[in-house]
Amino acid sequence: SETYPEIKRDDKFAQLTEEHVAYFRELLGGESAIIDGVSKDAEDDMLMFNEDWMHKYRGQARLVVKPKSTEEVSRILKYCNDNMLAVVPQGGNTGLVGGSVPVFDEVVISMARMNEIESFDEVSGSLVLGAGCVLEVADQYLAERGYIFPLDLGAKGSCHVGGNVATNAGGLRLLRYGSLHGSVLGMEAVLPDGTIMNDLCTLRKNNTGYDLKQLFIGAEGTIGIITKLCIQCPQRSPAVNVAFLGLESYEKAQQAFREAKGQLSEILSAFELMDGLSQELVHRAKGETMPLDGTFPFYCLIETSGSNSEHDYEKLEKFLEDVMGNEVVADGVVAQDATQIKSLWAWRESVPEVSAHWGGVYKYDVSIPLADMYSIVPDVNGRLEEAGLLGESDEYPVLGCVGYGHMGDSNLHLNVVVRRYDKAVEKVLEPYVYEWIEKRKGSISAEHGLGLAKKNYIQYSRNDTMIGLMKQIKQLYDPNGIMNPYKYL
Ligand code: FAD
Ligand code: 2HG
Ligand code: ZN
């Protein structure tokens with residue numbers, strides 16, 4: 001492939017023919033459920049399925065199928081398995097590791113039409129819905145009933161709940177509601193041979209044997225396709241407050257986190273960190289005024305969610321007074337209304353997009369014990385400077401290194417902002433970044449997954465025994481290897 005000269009298409013997979021396409025057309029009931037690039041030129045229609053959100057990964061799929069029911073997914077997979085056609089399950093295609101797009105000519109199975117909300121229990125909070133439901137749609141549905149989806153992230157307007165579970169997305173509310181491993185109560189999934197695994201349990205407790213659904217959470221479409229989910233949804237907090245802080249050092253950000261946990265305790269629902277460069281870039285790209293006057297090396301966004309507005313606001317103000325009085329925090333504001341809360345969150349959520357605004361970005365999504373978490377940013381910055389790759393003018397490929405993320409979960413996003421992609425930059429970054437993480441017993445993938453981007457680096461965070469067991473699981477569930485090949489392991 002021109003795009004991936006280092007990867008070879010696996011000859012065991014069949015080439016798509018018009019006969020294959022005819023099968024899918026017949027099965028799915030006509031033209032609207034497929035995009036056929038086999039019998040005609042459909043490159044333009046196919047582009048949004050072939051290319052990822054960052055425009056970094058691009059495959060050459062010639063067929064997209066859009067099932068509407070679990071039975072259709074089952075028949076598609078069985079046919080592909082019997083005919084050795086490789087497939088890529090695709091949700092909202094917002095994944096950041098190249099996992100959601102084909103590498104070669106894999107059939108794209110888009111889950112977009114499986115978007116129904118099936119049932120909601122207003123007493124227990126359990127929500128049963130199709131994997132293709134957009135996260136924001138599900139959250140809006142819940143908001144109207146006084147509940148909240150236990151996950152939130154910047155891509156909420158496009159990503160699917162099935163994609164979220166397939167990547168085990170973490171996001172902005174994990175600090176409060178925990179990981180999807182806890183929130184997913186039940187799941188229906190289809191195995192590559194067409195077997196439907198119905199574990200659509202709506203109970204919180206169920207210790208009857210191995211919890212097989214857990215394997216699909218974070219499996220990135222490598223062992224089967226998630227078709228339906230049951231999610232445990234918490235009550236939506238009637239009182240939400242947001243504060244935005246400026247801090248003089250990472251040390252102080254750690255102290256502020258400690259204080260926030262102590263003083264805000266049960267109402268603390270998010271603690272996000274952003275460095276100075278990330279904020280400067282948002283300001284430059286969006287042209288909006290910074291939330292605080294003056295510039296600081298670090299900023300934190302703190303959210304509280306509770307049941308009593310006045311009490312929570314007072315608690316947050318008292319916290320702010322305290323940390324500003326002790327010089328832990330240099331400056332801070334508390335949002336005065338829902339519009340300000342929304343715009344502070346929008347400011348934070350725009351960092352991933354803005355970091356790609358100057359031509360490209362190398363993204364590393366890592367977990368590192370808190371004490372060391374930010375030091376990877378200056379280390380990588382120094383290394384790029386030393387190599388003569390980072391500078392102010394256009395002759396340098398690298399503009400700067402940005403660090404931000406979910407401090408409350410020890411999860412940093414290191415974004416190396418570039419003016420153009422360059423192999424020399426890549427060589428300086430990899431495997432250096434992964435070795436750096438390994439030395440500190442961190443994780444090379446905190447919440448975005450492995451996809452194509454990290455499949456060669458898994459050994460930096462998992463030992464041989466574990467990788468061996470993972471390979472056995474893959475072999476057991478997908479003996480023909482048709483599910484999302486060339487990625488993950
Ligand atoms: P896709 O991108 O379509 O797919 C992702 C992977 O899941 C692929 O391997 C695909 O094959 C597989 N897959 C998709 N659907 C299914 C299914 N039904 N069954 C089996 N496999 C499936 N991630 C975080 O964790 N936290 C964040 O805060 C966060 N913020 C983001 C902000 C932005 C602006 C963007 C663009 C991305 C962000 N992400 C974040 C990345 C995150 O992985 C995705 O946004 C989301 O979880 C992917 O969902 P999706 O529906 O777009 O899946
Ligand atoms: C976030 O926290 C996302 O905003 C995206 O996980 C991070 O783009 C990134 O590196
Ligand atoms: Zn994140």
Side-chain angles (χ1 to χ4, degrees), residues 48-49 52-54 57 67 70 73 77 87-102 106 108-112 114-115 130-135 151-174 179-180 187-192 216-229 270 272-274 278 301 345-346 348-356 361-367 402-409 411-417 445-453 455 483-485 487-488:
M48 63 181 278
F49 299 93
D52 77 316
W53 182 83
M54 297 179 288
Y57 301 92
T70 305
V73 174
L77 281 184
V87 306
V88 186
Q90 193 175 92
N93 196 10
T94 66
L96 295 173
V97 288
S100 51
V101 289
E106 299 87 277
V108 175
I109 304 180
S110 165
M111 299 302 286
M114 295 194 56
N115 59 355
C133 186
V134 169
L135 176 60
L151 168 80
D152 183 30
L153 42 84
K156 57 184 145 249
S158 324
C159 64
H160 295 181
V161 295
N164 297 147
V165 172
T167 53
N168 187 23
L172 309 162
R173 291 180 186 152
L174 189 136
S179 110
L180 288 170
M187 178 187 292
E188 179 193 76
V190 180
L191 306 187
F216 292 78
I217 304 175
E220 300 178 49
T222 57
I223 57 172
I225 296 193
I226 300 165
T227 46
K228 285 182 193 169
L229 289 161
E272 297 282 310
L273 176 82
M274 290 156 278
S278 73
L301 186 156
W345 268 121
R348 155 64 183 92
E349 287 170 27
S350 67
V351 183
E353 191 168 0
V354 155
S355 64
V361 61
Y362 293 93
K363 285 184 183 287
Y364 299 94
D365 154 45
V366 300
S367 276
V402 157
Y404 62 103
H406 318 289
M407 185 163 180
D409 315 318
N411 176 190
L412 183 88
H413 296 305
L414 164 69
N415 283 196
V416 178
V417 181
S445 174
E447 59 170 7
H448 296 163
L450 297 167
L452 188 59
K455 73 151 190 178
M483 301 298 305
N484 222 353
K487 299 167 186 154
Y488 203 74

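Computed from heavy atoms alone, side chains included, the values below leave out hydrogens, waters and symmetry copies. Ligands are counted one by one from 1 in listed order, and the atoms in each one are counted from 1 as well.
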- Under 4.0 Å to a heavy atom of M111 - the qualifying atoms of ligand 1, by number: 18 (N)
- Task: Could you tell me which atoms of ligand 1, counted from 1 in the order shown, lie closer than 4.0 angstrom to a heavy atom of N484?
- Result: 9 (O), 11 (O)
- Heavy-atom nearest neighbour in the protein, as seen from atom 6 (O) of ligand 2, with distance rounded to 0.1 Å: H448 NE2, 2.7 Å
- Message: Among all protein heavy atoms in this structure, tell me which lies nearest to atom 28 (O) of ligand 1, with the distance rounded to 0.1 Å.
- Response: G171 CA, 3.3 Å
- Please say whether T167 places an N or O atom under 3.5 Å from an N or O atom belonging to ligand 1. yes
- Item | Heteroatom proximity flag, G99 to ligand 1, N/O under 3.5 Å | yes
- shortest atom 10 (C) of ligand 1-to-protein heavy-atom contact is with P89 O, 3.1 Å
- Using heavy atoms and a threshold below 4.0 Å, how should the contact between D365 and ligand 2 be classified: side chain, backbone, both, or neither? neither
- Message: By the definition side chain to side chain contact (heavy atoms under 4.5 Å, CB included), identify the one residue from L414, V417, V361 that meets it with V402.
- Response: V417
- Query: Is there at least one pair of N or O atoms, one from Q90 and one from ligand 1, spaced under 3.5 Å apart?
  - Reply: no
- Within a distance under 4.0 Å of any heavy atom of G224, pick out the atoms of ligand 1 and give their elements. 20 (C)
- Query: Would you say the side chains of N484 and T222 form a donor-acceptor pair under 3.5 Å?
  - Reply: no
- Task: Report yes if I226 has an N/O atom closer than 3.5 Å to an N/O atom of ligand 1; otherwise report no.
- Result: yes
- Message: Quick check on contacts: which atoms of ligand 2 are under 4.0 angstrom from a heavy atom of L96?
- Response: 5 (C), 8 (O)
- Message: List ligand 1 atoms under 4.0 Å from L153, heavy atoms only on the residue side.
- Response: 23 (N), 24 (C), 26 (N), 27 (C), 28 (O), 29 (C), 30 (N), 40 (C), 45 (O)
- Query: Which atoms of the protein, restricted to N, O or S, are nearer than 2.8 Å to the Zn ion (ligand 3)?
  - Reply: H406 NE2, H413 NE2, E447 OE2
- Contact (N/O only, under 3.5 Å) between L172 and ligand 1: no
- Query: Within the structure, does P352 bring an N/O atom to less than 3.5 angstrom of an N/O atom in ligand 1?
  - Reply: no
- Query: Can you name the nearest heavy-atom pair linking L229 to V161, along with the distance?
  - Reply: CD1-O, 3.8 Å
- Query: What about I225: any of its N or O atoms under 3.5 Å from an N or O on ligand 1?
  - Reply: no
- Query: Starting from atom 25 (O) of ligand 1, which protein heavy atom do you reach first, and at what distance in Å?
  - Reply: G170 N, 2.9 Å
- Task: Report the nearest protein non-hydrogen atom to atom 8 (O) of ligand 2: residue, atom name, distance rounded to 0.1 Å.
- Result: K363 NZ, 2.5 Å
- Could you tell me whether L96 and ligand 1 have an N or O pair separated by under 3.5 Å? no
- Item | Structural part of H406 in contact with ligand 2, heavy atom criterion under 4.0 angstrom | side chain
- Check each atom of ligand 1 against the heavy atoms of A169 and keep those under 4.0 Å away; list them by number with element. 24 (C), 25 (O), 47 (O)
- Item | Options F49, W53, Y488, ranked by nearest heavy atom to atom 34 (C) of ligand 1, top entry | W53
- Message: Holding to side-chain hydrogen bond (donor to acceptor under 3.5 Å, both in side chains), I want the full list of residues that pass it with T227, two or more places apart in sequence or in another chain.
- Response: E188
- Task: For atom 2 (O) of ligand 1, find the nearest protein heavy atom and state the residue, atom name and distance (0.1 Å precision).
- Result: G95 N, 2.7 Å
- G92 N/O under 3.5 Å from ligand 1 N/O: yes
- Item | Nearest-neighbour protein heavy atom for atom 53 (O) of ligand 1, which is reported as residue plus atom name and distance | G163 CA, 3.6 Å
- Task: Please write down residue, atom name and distance for the protein heavy atom closest to atom 10 (O) of ligand 2.
- Result: N415 ND2, 3.0 Å
- Enumerate the atoms of ligand 1 whose separation from the nearest heavy atom of E220 is less than 4.0 angstrom. 9 (O), 11 (O), 12 (C)
- Which of the atoms in ligand 1, numbered in the order shown and given with their element, are less than 4.0 Å from a heavy-atom of H406? 28 (O)
- Query: Taking both backbone and side-chain atoms of T94, is any N or O found less than 3.5 Å from an N or O belonging to ligand 1?
  - Reply: yes
- Item | For atom 33 (C) of ligand 1, closest protein heavy-atom neighbour | A155 CB, 3.7 Å
- Message: Need the ligand 2 atom indices (1-based, order shown) with element for anything under 4.0 Å from a heavy-atom of H413.
- Response: 1 (C), 2 (O), 3 (C), 6 (O), 7 (C), 10 (O)
- Proximity winner for atom 2 (O) of ligand 2, if only heavy atoms of E447, E353, M274, R348 are counted: R348
- Task: Answer with yes or no whether Y404 contacts ligand 2, where contact means a heavy atom under 4.0 Å from a ligand atom.
- Result: yes
